[in-house]
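Please read these numbers as outputs of a predicted model, since none were measured by experiment. Chain letters run A, B, ... following the sequence lines, proteins first and then strands; every chain starts at 1.
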Protein chains: 2
Amino acid sequence: MSYSIGEVADKLAISPYTLRYYDKEGLLPFVDRNAAGRRRFKDNDFNFLEVIVCLKEAGVPVKQIGDFIDLCMTGDATLQARYDFLDDHEAKLEAKMARLQHTLDFLRWKKWYYKTALQAGTESIHYLPGTNQVDPAVHAEFNQLVANGASPEKLGTLN
Amino acid sequence: MSYSIGEVADKLAISPYTLRYYDKEGLLPFVDRNAAGRRRFKDNDFNFLEVIVCLKEAGVPVKQIGDFIDLCMTGDATLQARYDFLDDHEAKLEAKMARLQHTLDFLRWKKWYYKTALQAGTESIHYLPGTNQVDPAVHAEFNQLVANGASPEKLGTLN
DNA sequence: TGTTGACTTAGAGTTAACTCTAGATTATAT
DNA sequence: ATATAATCTAGAGTTAACTCTAAGTCAACA
């Protein structure tokens with residue numbers, strides 16, 4: 001079986017423009033052309049495409065994805081380099097996910113901050129007496145609740 | 001205590017250029033100026049700044065962060081809107097982290113693919129006999145190993 | 001057999017988020 | 001007192017990743 005650029009675009013939920021852009025940037029050297037010069041994707045090409053989509057999602061720049069595809073086209077001499085590339089980006093992705101977990105924790109504490117303000121009808125319950133400045137103890141109070149076993153993803157939930 | 005733009009930039013590990021850009025985009029309406037027109041950040045401003053940094057990390061566009069800051073400056077009438085904003089972006093971040101987890105799983109399976117190819121000295125051990133196409137059963141084999149209790153983050157590790 | 005609609009290329013346009021330059025002012029350190 | 005460093009604004013420049021336009025080719029259907 002072979003597929004047109006439009007069919008592939010539909011399957012991957014990305015535009016034909018984007019696929020042509022990737023091709024221009026050297027990400028799709030494996031794609032065949034028919035007699036009229038039109039791209040014909042093979043079943044095996046989806047193995048490459050899912051790697052491209054994965055690396056995109058991982059935040060790898062298009063240019064570097066091109067480097068990886070180059071390695072793939074070169075053959076067995078680059079197996080180690082390809083492994084190292086993936087190993088590197090696995091570590092980067094793990095680091096990013098750890099950062100995002102902290103971001104999520106912060107978002108949940110802020111939701112709790114607003115939930116309690118909402119219940120009081122005013123944000124000023126979190127201020128230091130007689131000021132417009134947030135009492136640093138408020139965050140500590142939230143952390144205390146979490147330390148005592150409360151679920152952070154539930155603490156800030158309304159109702 | 002008050003802080004110059006350079007001191008704040010150092011603390012947050014972002015450039016003064018970027019802070020001025022954020023100010024231009026309306027993210028820092030709370031920052032005071034001294035007699036010479038220079039920005040003076042207060043201790044309480046760091047509460048706003050850490051929200052800005054958090055939303056940035058969560059992938060919220062600068063313009064939308066500006067909308068949130070506007071709500072903050074308006075007062076208690078916007079408490080619900082601010083809660084809803086954070087709730088929305090919490091959900092989006094959770095969805096993103098789930099996608100990244102799938103991406104990480106894929107990266108690990110590909111590492112295993114190259115680890116085993118490396119041990120064999122050639123990628124062709126994963127091809128269908130007599131072709132240059134990857135055997136779909138290879139991925140199933142990896143999933144089988146994981147289902148049998150192997151750790152995905154260890155399976156693709158060298159040594 | 002014509003007429004849609006999908007495809008081709010080259011190249012221009014867009015957007016977000018910086019990042020920097022120029023020219024002026026102000027603060028700090030000998 | 002003076003040189004160096006930090007700050008200011010307005011506005012220009014950069015980069016990545018698309019996104020689209022124009023002008024033409026090709027395929028499928030009534």
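Contacts between residues 32-41 of chain A and DNA chain C, defined by a heavy-atom separation below 4.0 Å, involve A:Arg33, A:Gly37, A:Arg38, A:Arg39, listed by number.
Here the range on DNA chain C touched by chain A, meaning any atom under 4.0 Å from one of its heavy atoms, is C:dA6 to C:dG11.
Ring centroids of B:Phe46 and B:Tyr3 are separated by less than 6.0 Å, placing the two rings close together. Proximity of the aromatic rings of A:His89 and A:Phe85 is defined here by a centroid distance below 6.0 angstrom, and this criterion is met.
Ring pair A:Trp112/A:Phe142 is tilted by interplanar angle, where 30° to 60° counts as tilted.
The two residues B:Thr78 and B:Cys72 come nearest to each other via the heavy atoms OG1-N, 4.5 Å. When all heavy atoms of B:Val31 and B:Arg39 are compared, the pair lying nearest together is CG1-CB, 3.8 Å.
Computed from coordinates, the B:Asp23 CG to D:dG11 C1' distance equals 16 Å when rounded to whole Å. With rounding to whole Å, B:Arg20 atom CZ is found 6 Å from D:dT7 atom C1'.
Remark: side-chain polar atoms of A:Lys111 are not paired, donor with acceptor, to backbone N or O of B:Glu90 under 3.5 angstrom. Of the possible donor and acceptor atoms, none in the side chain of B:Lys56 sits under 3.5 Å from a partner among the backbone N and O of B:Val62.
The residue B:Ser15 sits apart from the nucleic acid: no heavy atom pair falls under 4.0 Å. Across all strands shown, B:Pro16 has no heavy atoms under 4.0 Å from either base or sugar-phosphate atoms.
Residue whose closest nucleotide on DNA chain D sits further toward the 5' end, between A:Thr18 and B:Ser4: B:Ser4. Where A:Lys24 and B:Lys24 each meet DNA chain C at their nearest nucleotide, the meeting point lying more 5' is that of A:Lys24.
Remark: B:Lys24 is not positioned above the aromatic ring of B:Tyr21, lacking an NZ or CZ atom under 6.0 angstrom from the ring centre and at most 45 degrees off the axis.
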